[in-house]
Amino acid sequence: MKISQRVHCRSCVRFVFAALVFPVCVISISAADQTVVLKAARMFDGKSKSLISNGVVVVRGDKIVDVGSNVAIPSDAKVIDLGDVTLSPGFMDAHTHLTLDYTGNFNEKRLKEFQTNVSEMTLMAIPYARATLEAGFTTVRDLGSRFAGSPEFVDVALRNAINHGITPGPHMLVATKGIGATGGHFDSTGGYRDKLFGREPEPSDGIADGPDEIRKAVRFEVKNGANVIKAAVSGGVLSLADEVDTPQFTPAEMAALVDESHRLRKKVAVHCHGDQAAREAIEAGVDSIEHGSFMKPETLQLMKTKGTYLVPTLMATEWIMSKIDSYPPALQAKARAAGAARSEMFRNAVKMGIKIALGTDAGVFPHGDNAKEFALMVGLGMQPIDALRSGTSNDADLLGIGQAVGTLEKGKRADIVAMPGDPTADITATERVSFVMKDGKIIRNGLATPRTAAVQDDDVDLPAD
Ligand SMILES: [Zn+2]
């Protein structure tokens, strides 16, 4: 009797475990029988230089099985005619912070972070992830999730919960804590009284000095679930104790960072505003420069030669400048300097044909407003079709997932959005996405879920320059 009860209990446990962990598989298996056809007046395939008319995408299960203009529609298909819209691959954002929210008054936010349980902050990320997905961003590269004094890997938890179908959100590639130098942009004890936090941060906190410690930090982050390595190689705007453009790693440290990450088959994204740090990071072989505000034309030329991506995060500067009075004076000065430099840098990058991947720094501004980056890039000289490529196939290439997503092609994952009208005539159409499909599942067709108070949009009027 005891034995049979135990067997019964084990089966229950197995069933409950399977239901928790594999609901996405269950959904895709049942959806595999249903062929869905999306029709629209126009289509952007993610890579072409122009739109095509009468776009049709045939989806079975979680994959695109046919795509083009006026392709044959299977007789058993469910046809969804979306009308006067443009179909596009799901948007991507190569630079988000889905577990963080730095909008509002900076000092109030810092204090709140110290007062709030990390478990509570994890739950707060749920509406951020949903708002991002409903805005049409089906994949994000989440570049840093750290909470002072906490060892938790909240971004890993959120990524896994989304993958397991527990909560809606985009596909996430996560960086965990990110790696930086003592007293640098990522040292969250910087700017406070020494020993206030009990001890100096160490490689397991993401703070590392010297090639060996940096290798240890990379290994530690990969061990704990990082898909990509993020590092801060120059100072930053929203940190209290560093100058915005000074180098924070030596060339030997950057070489160790890149070598160790690439040996573990992880790409390297570096936060970098300063020109010298960017030059040294590009020479070390990083995969992308994030921000890049002060990069000179010679440094951009080096990027072009090496094939390094620029992820400009124009939205971050735009948001901070629109709320400049709510930041401490030291941060205001850094934001003004970076803001003044980055427009010329970006214009030069476009003119020189640097590879540019859309990335926003969401979390510095409200999650779900990511698509405003498209109009900012166009406002600084990028062609609308190139902005669309930047937020789809270029991102997929940078993230190393171009085989699976980023274009509307046979065999690719069915991550698809639709926006009203023609985005090459009005790029702000990207901000009004009306249809979102992820993994062949319709996330929304029409209105998005009203944003909760946690994801507020003050609707700041962002100038194009
Ligand atoms: Zn960032």
Side-chain angles (χ1 to χ4, degrees), residues 92-104 106 109-110 113 121 125 128-129 132 137 139-148 154-155 158-159 170 172-181 184-188 190 206-207 221 226-240 242 244-245 248 267-274 277-278 281 286-295 309-321 323 327 331 334-335 338-339 342 346 356-370 372-373 376 395 398-399:
M92 296 189 203
D93 188 331
H95 192 134
T96 64
H97 299 281
L98 274 188
T99 62
L100 305 175
D101 173 17
Y102 280 118
T103 62
F106 182 83
K109 280 286 156 80
R110 296 280 289 194
E113 185 192 328
M121 290 202 263
Y128 304 157
T132 304
F137 287 79
T139 301
V140 302
R141 186 176 67 160
D142 206 64
L143 288 185
S145 172
R146 63 170 63 236
F147 302 91
V154 177
D155 54 353
L158 182 63
R159 176 198 66 194
M172 292 176 74
L173 279 76
V174 305
T176 73
K177 298 164 194 296
I179 299 169
H185 181 56
F186 283 174
D187 185 345
S188 49
I207 301 305
E221 297 197 346
N227 305 105
V228 57
I229 295 301
K230 165 84 176 291
V233 301
S234 93
V237 174
L238 298 185
S239 44
L240 299 168
D242 56 348
V244 67
D245 61 344
Q248 295 188 342
K267 296 211 180 191
V268 183
V270 293
H271 158 104
C272 181
H273 288 283
V286 302
D287 298 283
S288 62
I289 298 283
E290 313 292 309
H291 320 303
S293 309
F294 299 99
M295 284 196 294
Y309 267 99
L310 169 66
V311 178
T313 69
L314 303 175
M315 269 299 286
T317 337
E318 212 69 24
W319 175 268
I320 293 169
M321 293 307 291
K323 305 242 174 203
Y327 295 88
L331 272 52
K334 295 204 282 183
R342 66 93 154 119
F346 183 83
I356 297 174
L358 182 145
T360 64
D361 224 351
V364 171
F365 63 89
H367 297 283
D369 279 354
N370 315 52
K372 290 180 179 175
E373 184 82 11
L376 292 175
D395 269 329
L398 168 60
L399 272 53

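Position 1 is the first residue of the sequence; numbering continues from there. Just so you know, ligand 1 is whichever comes first in the structure, and atom 1 is the first atom listed for that ligand.
Atoms of the protein (N, O or S only) found under 2.8 Å from the Zn ion (ligand 1) are His95 NE2, His97 NE2, Asp361 OD1.
Residues Trp319 and Thr360 have side chains not in contact (no heavy-atom distance under 4.5 Å, counting atoms from C-beta outward). Between Val286 and Val233 the shortest side-chain heavy-atom distance does not fall below 4.5 Å. Asp242 places a side-chain heavy atom less than 4.5 Å from the side chain of Lys334.
Here the straight-line distance linking atom NE2 of His367 with atom CG of Asp101 works out to 5.5 Å at 0.5 Å rounding. Rounded to the nearest 0.5 angstrom, Leu143 CG and Thr96 OG1 are separated by 7.0 Å. With values rounded to the nearest 0.5 angstrom, Asn227 atom CG is found 11.5 Å from Glu221 atom CD.
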